[in-house]
Amino acid sequence: MSYHFNEIEAKWQKYWADNKTFKASNTSDKPKYYVLDMFPYPSGAGLHVGHPLGYIASDIYARYKRHKGFNVLHPQGYDSFGLPAEQYAIQTGQHPAVTTETNIKTYRRQLDQIGFSFDWSREVRTSNPEYYKWTQWIFIQLFESWYNNDTNQAESIDTLISKFSSEGNANINADCDDDITIFSSEEWNNFASEAHQNILLKYRLTYLAETEVNWCPALGTVLANDEIVNGVSERGGHPVMRKKMTQWSMRISAYAERLLQGLDTIDWTDSLKESQRNWIGKSVGASVTFNVKMTSEMLKQVQHDETQRHSELVSESHPHKIEVFTTRPDTIFGVSFMTLAPEHELVSKITTADQKAEVEAYITATAKRSERDRMADVKTISGAFTGAYAEHPFTKEPLPIWIGDYVLAGYGTGAVMSVPCGDQRDYDFATHFNISIPNIFEGVDISEEAYGAKDNVKIANSDFLNGMNYKKATKRAIYELEQIGQGEGKTNYRLRDAVFSRQRYWGEPFPVYYVNGMPQMIDKEHLPIRLPEVEKYLPTEEGEPPLGRATHWSWDTNINSVVSNELCHSALDAESTNDNGIYPLELNTMPGWAGSSWYFFRYMEDAANRGEAFASEDALNYWENVDLYIGGSEHATGHLLYSRFWVKFMKDRGFVNVDEPFKKLINQGMILGTSAFVYRVKLSVSSLGSYQPGDNEKQEKYIEEISSILPSIYVSENISKGKSLIEFDEFFKEKYINEYKTKEVLEKIELLKKNDSSLLGINIHASNINKLHVKVQYVNASDELDLEGLKNDGEFGEDFKDAIFIGENGEIIESDNDVYKVGREVEKMSKSKYNVVNPDAICEQYGADSLRLYEMFLGPLEQAKPWNTAGITGVHGFLKKLWKLYVDDNGLKVNDAEPTADNLKTLHKTIKKVEEDIENFSFNTSVSTFMIASNEFTAQKCTSKAILEPFLVLLSPYAPHIAEELWNRLGHDESISTATFPKFEEKYLVESSKNYPISFNGKMRFTLELPMDMSKEDIEKTVMAHEKTIAQLDGRTPKKVIIVPGKIVNIVG
RNA sequence: GCUGAAGUGGUGGAAUUGGUAGACACGUUGGACUUAAAAUCCAAUGUCCAUUAGGACGUACGGGUUCAAGUCCCGUCUUCAGUACCA
């Protein structure tokens, strides 16, 4: 009886589904364990072999934990809002909800066939209104909260309002916007409601702010950095500008310190924690204020402004100030210029008439560069002088104010004090523009480069800081700055507030409407606010987001419902004072990370009880947080940081009782694709010049005509390699062009030549070889291309139909006379590279258990690795051998034979190794261990049930279907998932002797079997007396003999 | 650029604390079985030298520490990921 994996797998998948084998319970005597995968985005391309890698690992762990007696929660769902569905909708007009539903069905079928132990009854989908209702609710809670730095947590906005009305805002220690005006309690109480709203918005944890975006005028939309290639949009190649836009932001910066501290409490890899630490980017230093020296021109402008709005009092002598943050206040006397980001608001106010043209040209040029470009490019130095000067706070010397795109507007204050002797970028800038580089380091040569180190140097040429080291000078500089009111010690974080608005359709709508431009939240009981229908998914002609196309997208506060825009107050008559209570709704939607920042809590609740809350208190208390989270490291600073932020916020407001969402986190490495390439020979027709006037034109016409009938030629990998283009052309001409396949072309030329003598000079040659991706499905394990398949491909078959293929041996392929080999290269697995391998064919051909084992066998979970199916026969062969260990032609072979010492040794060594491997997430080595064990049992002719039964339990997390089947055949009625993990016993592994490696000067020469309990002295005596030792030493006396009992012997000399 | 990883046979990888480098597989070669193929089984397989015995070299590159280095230290190179609106 042989191993019929397809039948077995279908049978057990049905059994698990019918019996709800993996349904988690919220009440149990067992300890809980929550294993979670990062949920997938259901893309149109379907699941590829990279997705299941992490899922298989977490599934092994979940199944292992069940064997170990835990109540395991192992759910799955879909991150189903996202850009690709929207792109597809724009192209095809299909509603994203429809394509998403189809994609989810495909994913589910593909996931089911791999045999995961998911509790599907708890599935979530972020695009489901019953789910995003709670995403909207959390957004409202953020809006209704402020961050109190005194209690170091978020509080209800009500506590802030009551403080305002009793004491004003002077003593409020909040994390809020910078432009706060001080008011008293009386003033607060007398402000109009609109002023109240305006002020509160500066304190809320989500607030409206002007932020810079990549605006693409041609597409009428905002682009992500990775949608921009070389400064133009990836789609269509349109220009992209930096532009300011009012958007929702999240005050994640309030949590910077707690996000940093929290890292010490969780079990994540050091590299991942380091990424987050760097992202948060805490730096301790000082903020310093520089006054701008006034010119008469500026004074006039300031006076003009003052008459326009007299509310704000400015210091008469220095209306313009530049605030900078520096980690090196000790180098304050090394400042020789200031640099502002080109977008800095002061730039337009201080630029002199002389410099105006240059500055404006520079700003325009900068607006075209992406932020990433500006950060990455340190080689080209650019900038412009504003013509204005700042004043050094101590020396009062004038410091020229420049703008330079190496300073980023969104980073810190968007301005730096430039200390060229201490910072390389400042140094390069100063050198480039001939700005002075004062040296403030004692005995340091700065003629070649800046001195960036803080240690082992004393400050010089710095007045009161002379002779001090970094630490002392920093302290003193801050003190002196405070004395003159131009600075203070400050801790800065690189972490910026997160922009939360997207100008997209396929995302959560905001539960927000606007009255006189002020945002208003919709009450919880009216949620969810569902996505409206639109006729197309593009921005409007006016550049509004796609929701601007919805005809019914206004909020009627009388009936609390979405109504037609025609009824809207502002639409009726802008001048009308007759407010009908119907207002426009927010047109932006939420970003991808909104729904994924809290989904792990939703799984905790049974689907049946999800109506009243995002999850019940009991469920939250029982499951607490995720014990093991597996996903890609590319989420290090996105999803994994935002989730931590939301969880901390929810904890502050009492909605959950954990501080961190994910206790332990493992990153799975990406599975890369092995792309396949064919080499297309580009044939060109050229002329050798003309003989008579007027020939050129004629020749061009002929060239065009001949070019159009040239065949496509593809050469095999071997032929394409290692030849220069000239050599290649020679080879090619000799072999093919003048021979047969281009015969038709040559005949045509001959014909034309007869009629026209000017054609004598026309010539065909191979001008280039292009590498083109082909679908990997047409390539076998030996890199040979299936030409028939390729030519019949539905998508690209036509391109290859009439092409000529030249094989490895240089033969034109007619049938089996030669083979075409493709070139191979490892790249990211992606649809556009045609290297996507999906698991369906593998499940079909080898089975899910083989796929699971193979994905684990590929290598360490956390490492990126290329996918290559060539090795899958190895693990499949193992499963077949394993089957034979239990079953032969007469049925079950397993009996009650007494296990031998060897049997027990193999079993227990396997238990030990597999258990250690699972605990260390080293799944690849377990697979080898199973193979070794199975080979040993086969060699031992083991049939003992006492051995083979526990061995199945060890295997079942990895290959659950075959394990269930054999377990069942051994006479069990219950699923193997209920079995207890076998217990390791040391006593079966005790060895009496050791095969010692005998090394000479560290090189192993031979081995020697010696008893384990032999003393050091006896080992030395035995080894030294050995004939091979004597031969090795060849009469020399060893200087030293090193013996590590149980390990090695090393003879030196 | 910055930040974080990785680099071992023809290929994927193993070597858990510094102690026999290449486990386990794939591939390749040879053999058995078969009319033949598939499947299965057996043997060899890091490179170079040598008939054998055996020897030399070998974990990206260049140094160092040590009786002993894939593993620790310093420097260099290459590849991959993230870099704030892809998910």
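Below, each value reflects all heavy atoms present in this structure, side chains not excepted, and no hydrogens, waters or symmetry copies. Just so we're on the same page: letters track the sequence lines, and every chain starts at 1.
At a threshold of 4.0 angstrom between heavy atoms, the contacts of A/Leu672 with the nucleic acid are absent. Using a 4.0 Å heavy-atom cutoff across all strands shown, A/Asn935 reaches sugar-phosphate atoms only and no base atom. At a threshold of 4.0 angstrom between heavy atoms, the contacts of A/His635 include nucleobase atoms, whether or not backbone atoms are also involved. As judged by a 4.0 angstrom heavy-atom cut-off over every strand, A/Glu855 is placed among residues making no nucleic acid contact. Among the protein residues, A/Lys865 comes within range of the sugar-phosphate backbone only, with heavy atoms under 4.0 Å from sugar or phosphate atoms but none that close to a base. Using a 4.0 Å heavy-atom cutoff across all strands shown, A/Arg374 reaches no nucleic acid atom at all. Residue contacts shown for A/Ser999 are absent, as no nucleic acid heavy atom lies under 4.0 Å away. If you check every strand for non-hydrogen atoms under 4.0 Å, A/Lys273 touches nothing. Contact annotation for A/Trp279: base contact, defined as any heavy-atom pair under 4.0 Å involving a base atom. Base engagement by A/Arg504 is indicated by at least one non-hydrogen atom pair under 4.0 Å involving a base atom. The residue A/Val213 sits close to a base: some heavy atom pair falls under 4.0 Å. As judged by a 4.0 angstrom heavy-atom cut-off over every strand, A/Glu862 is placed among residues making no nucleic acid contact. At the heavy-atom level, A/Gly82 lies under 4.0 Å from the strands shown only through sugar-phosphate atoms. Among the atoms of the strands shown, none is found under 4.0 Å from any heavy atom of A/Pro40.
In this structure, the side chain of A/Gln424 engages the main chain of A/Ala450 through a donor-acceptor pair within 3.5 Å. A donor-acceptor pair is defined here as one N or O able to donate and one able to accept, closer than 3.5 Å; such a pair exists between the side chain of A/Glu86 and the backbone of A/Trp506. At distances below 3.5 Å, not a single donor-acceptor pair connects side-chain atoms of A/Tyr78 with backbone N or O atoms of A/Val124.
Nearest nucleotide to the side chain of A/Met670, out of B/C85, B/A23, B/A81: B/A81. Here the side chain of A/Thr925 is nearest to one of B/A14, B/C26, B/U20, namely B/A14. Between B/G19, B/C24, B/G27, one nucleotide has an atom nearer to the side chain of A/Lys1047 than all others, and that is B/G19. Minimum atom distance to the side chain of A/Phe857 is reached by B/A25, of the listed B/A84, B/U20, B/A25.
When the P atom is used for both B/G58 and B/C42, the distance is 36 Å, rounded to whole Å. B/U71 and B/G64 are spaced 15 Å apart, taking the C1' atom of each and rounding to whole Å. When the C1' atom is used for both B/A14 and B/U8, the distance is 10 Å, rounded to whole Å. For B/G13 and B/G7, the C1' atoms lie 13 Å apart once the distance is rounded to whole Å. The P atoms of B/U29 and B/A39 are separated by 14 Å, rounded to the nearest whole Å. Spacing between B/A23 and B/G12 at atom C1', rounded to whole Å, works out to 13 Å. The P atoms of B/A21 and B/A56 are separated by 13 Å, rounded to the nearest whole Å.
Place A/Leu272 and A/Lys880 on RNA chain B by their nearest nucleotides, and A/Leu272 ends up nearer the 5' end. Each of A/Lys881 and A/Thr929 was assigned the nucleotide of RNA chain B with the nearest heavy atom; the assignment lying further toward the 5' end belongs to A/Thr929.
Here the P atom of nucleotide B/A87 and the CD atom of A/Glu508 are 11 Å apart, to the nearest Å. Atom CD of A/Gln863 and atom P of B/A14 are 7 Å apart (whole Å).
Aromatic pair A/Trp867/A/Tyr854: centroids less than 6.0 angstrom apart. Ring pair A/Tyr629/A/Phe600: centre-to-centre distance not below 6.0 Å.
Closest approach of A/Lys1016 and A/Pro1045 over heavy atoms only: CG-CG, 4.0 Å. When all heavy atoms of A/Asn667 and A/Leu665 are compared, the closest pair comes out as ND2-CD2, 3.7 Å. The heavy-atom pair separating A/Tyr642 from A/Ser597 by the smallest distance is CB-OG, 3.7 Å.
Listed pair A/Asn924 / B/A25 fails the phosphate criterion, with no side-chain N or O lying under 4.0 Å from OP1 or OP2. Within the 4.0 Å cut-off from OP1 or OP2 of B/A84, not a single side-chain nitrogen or oxygen of A/Arg502 is found. One finds no side-chain N or O of A/Gln276 lying less than 4.0 angstrom from the OP1 or OP2 phosphate oxygen of B/G82.
Side chain to side chain, A/Trp598 and A/Thr135 meet the donor-acceptor criterion of an N or O pair below 3.5 Å. A side-chain donor from one of A/Ser253 and A/Asp497 sits under 3.5 Å from a side-chain acceptor of the other. For the residue pair A/Trp268/A/Gln276, the side-chain donor-acceptor check at 3.5 Å is not satisfied.
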- Worked verdict on A/Arg502 versus A/Asn588 for side chain to side chain donor-acceptor pair (under 3.5 Å): CA-CA 5 Å; A/Arg502 297 291 181 268; A/Asn588 289 296; over 6 Å; no
- Candidate pair A/Phe923 and A/Glu855, rule side chain to side chain contact (heavy atoms under 4.5 Å, CB included), full reasoning: CA-CA 9 Å; A/Phe923 302 110; A/Glu855 292 229 3; over 6 Å; no
- Would you write the dot-bracket representation of RNA chain B, where each base gets (, ), [, ], | or . depending on whether it forms a Watson-Crick or G-U pair under 3.5 Å and with which partner? (((((((..(((......[....)))((((((.......))))))((((....))))..(((((..]....))))))))))))....
Between protein and nucleotides 67-70 of chain B, what N or O pairs are separated by less than 3.5 Å?
from  : atom 1 : to        : atom 2 : distance (Å)
B/C67 : O2'    : A/Asn1050 : ND2    : 3.2
B/C67 : O2     : A/Asn1050 : ND2    : 2.8

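In this structure, B/G9 shows a glycosidic angle within 90 degrees of zero, which is the syn conformation.
Using a 30° and 60° split on the angle between ring planes, A/Tyr406 and A/Phe429 fall in the tilted class, from 30° to 60°.
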- Whether each nucleotide of nucleotides 72-78 of chain B has a protein heavy atom under 4.0 Å at its base (B), only at its sugar-phosphate (S) or at neither (-) is summarised, 5' to 3', as -------
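Across A/Phe857, A/Phe937, A/Tyr958, a single residue satisfies ring-ring contact (aromatic ring centres under 6.0 Å, His included) together with A/Phe930, and that is A/Tyr958.
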